[in-house]
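Heads up: the structure comes next, in structure tokens.
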Amino acid sequence: MPREGGPEVLETHRRELPSPEPGQVIVRVEAAGVAFSEVQMLKGRYFSQPKFPFVPGYDLVGEVEEIGEGVDQNMVGTRIAALTETGAWADRVVLDADDVTPVPAGLDPADAVAAVTNGVTAWQMLHRAAKVRPGQTVLVHGASGGVGTLLVQLARLAGAEVIGTASARKHDYVRALGATPVDYRNDVPSRVREISPDGVDAVFDHVGGPGLVDSYRMLRRGGTLVTYGSASTLDSSTGHWIKPYLPIFARVLRWNATPDGRKATFYYVKRWPRFFREDLATVLSLLEGGKIEAHATTRMPLEKAAEALGCLASGQASGKVVLVAETEARQSAR
Ligand SMILES: NC(=O)c1ccc[n+]([C@@H]2O[C@H](COP(=O)([O-])OP(=O)(O)OC[C@H]3O[C@@H](n4cnc5c(N)ncnc54)[C@H](OP(=O)(O)O)[C@@H]3O)[C@@H](O)[C@H]2O)c1
């Protein structure tokens, strides 16, 4: 990703693969996720993005090919998953062995990668931020999206009732996931009040903007607003990427400084907390056990990264877009 622009600015480069340093592994990437984050990065609008140029790619699943000194020999040949934030759109990547999580045998690498960032984000927001309990009611914005579909499934699994906003054409899909759909183009607070008159126990909001106030107001006492994005400001804001997030941080601080029985928190997925790998392993085992589903519905070879990103940015893709290694791409085309 050399500079700000449209998907057509993406370039392919070749470079020498370094030998692994002590504690590192070299991974042959089998599948790498394409996410809304990269759409935002390309516009220079992603939360904490690096300076251009950089290799994008938030998460990957692949096979360990080589190891550095001090790494368990048994890791060679195993399938692992990792959250990289950037760098996963490559044939090979060098990672710290401490940053990778085993992928259960039998999981398709492209389906598994659909649950890495999105699955951990959804899991941690539900269980570490909002601490959702059985019998509670939660509102998931964007319930048809990558994070949203996993939030709905994991909340249902935790025993919660779910209301999910989505565009009308995706309501059947959201209903099939187990949520009550609400059209985000209509008056969401009124509709939510009809369904849950006392308000909801948690709201998960990736939209930001003026609607964030509605999200907070829909909470009942004891409820938690988890804000985790600013999708509504993608096209309207200019300047530093932090700008659209400042009003969100200011609101969160103000709400928490004036206690009224509800709270708000900004969530951002990170790979360094000690519980990240634990949470990713939990999500992958739920996927393996068939308790949740995540599907790579659009698979493209790495060389078509620009096309894949364009497909996601234009809203043509429904479901998760994944870049796959050449062999994988040939198999899925058969
Ligand atoms: N903070 C973190 O750690 C973290 C981690 C992962 C992702 N994120 C953020 O989460 C967001 C979603 O990512 P994703 O990969 O799940 O994206 P995605 O798959 O493109 O899904 C976005 C969803 O938002 C819905 N949507 C669009 N406008 C909306 C509105 N006004 N109100 C409610 N929903 C609306 C879309 O619904 P329709 O398709 O029905 O129009 C779509 O289902 C992004 O902003 C991303 O940056 C944050």
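Hydrogens, waters and symmetry mates play no part in the numbers below; they use all other heavy atoms, side chains included. Remember, it's 1-based here, ligands and their atoms both numbered in the order they're listed.
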For ligand 1, list all ligand N or O to protein N or O distances below 3.5 Å, rounded to 0.1 Å.
residue: ligand 1; atom: 1 (N); partner: Tyr228; partner atom: O; Å: 2.9
residue: ligand 1; atom: 1 (N); partner: Tyr267; partner atom: O; Å: 2.9
residue: ligand 1; atom: 3 (O); partner: Val269; partner atom: N; Å: 2.6
residue: ligand 1; atom: 16 (O); partner: Gly146; partner atom: N; Å: 3.1
residue: ligand 1; atom: 16 (O); partner: Val147; partner atom: N; Å: 2.8
residue: ligand 1; atom: 19 (O); partner: Gly146; partner atom: N; Å: 2.8
residue: ligand 1; atom: 24 (O); partner: His206; partner atom: NE2; Å: 2.8
residue: ligand 1; atom: 34 (N); partner: Gly142; partner atom: N; Å: 3.4
residue: ligand 1; atom: 39 (O); partner: Lys170; partner atom: NZ; Å: 2.5
residue: ligand 1; atom: 40 (O); partner: Ser144; partner atom: OG; Å: 3.2
residue: ligand 1; atom: 40 (O); partner: Ser167; partner atom: N; Å: 3.0
residue: ligand 1; atom: 40 (O); partner: Ser167; partner atom: OG; Å: 2.6
residue: ligand 1; atom: 41 (O); partner: Ser167; partner atom: OG; Å: 3.4
residue: ligand 1; atom: 41 (O); partner: Tyr184; partner atom: OH; Å: 2.4
residue: ligand 1; atom: 43 (O); partner: Ser144; partner atom: OG; Å: 2.8
residue: ligand 1; atom: 43 (O); partner: Gly145; partner atom: N; Å: 3.0
residue: ligand 1; atom: 47 (O); partner: Gln40; partner atom: OE1; Å: 2.8

Are more than 12 heavy atoms, taken from residues, nucleotides or ligands other than [X], located less than 6.0 Å from that residue's [atom1] atom?
X	atom1	answer
Arg133	CZ	no
Arg92	CZ	yes
Gln73	CD	no

Do Met75 and Leu60 sit in one hydrophobic cluster, given that two such residues count as connected whenever their side-chain heavy atoms are within less than 4.5 Å of each other, even indirectly?
yes
Centre-to-centre under 6.0 Å for Phe266 and Phe47, is that the case here?
yes
Answer yes or no on whether Arg251 is positioned over the face of Tyr216, meaning its NZ or CZ is under 6.0 Å from the six-membered ring centre and within 45° of the axis.
no
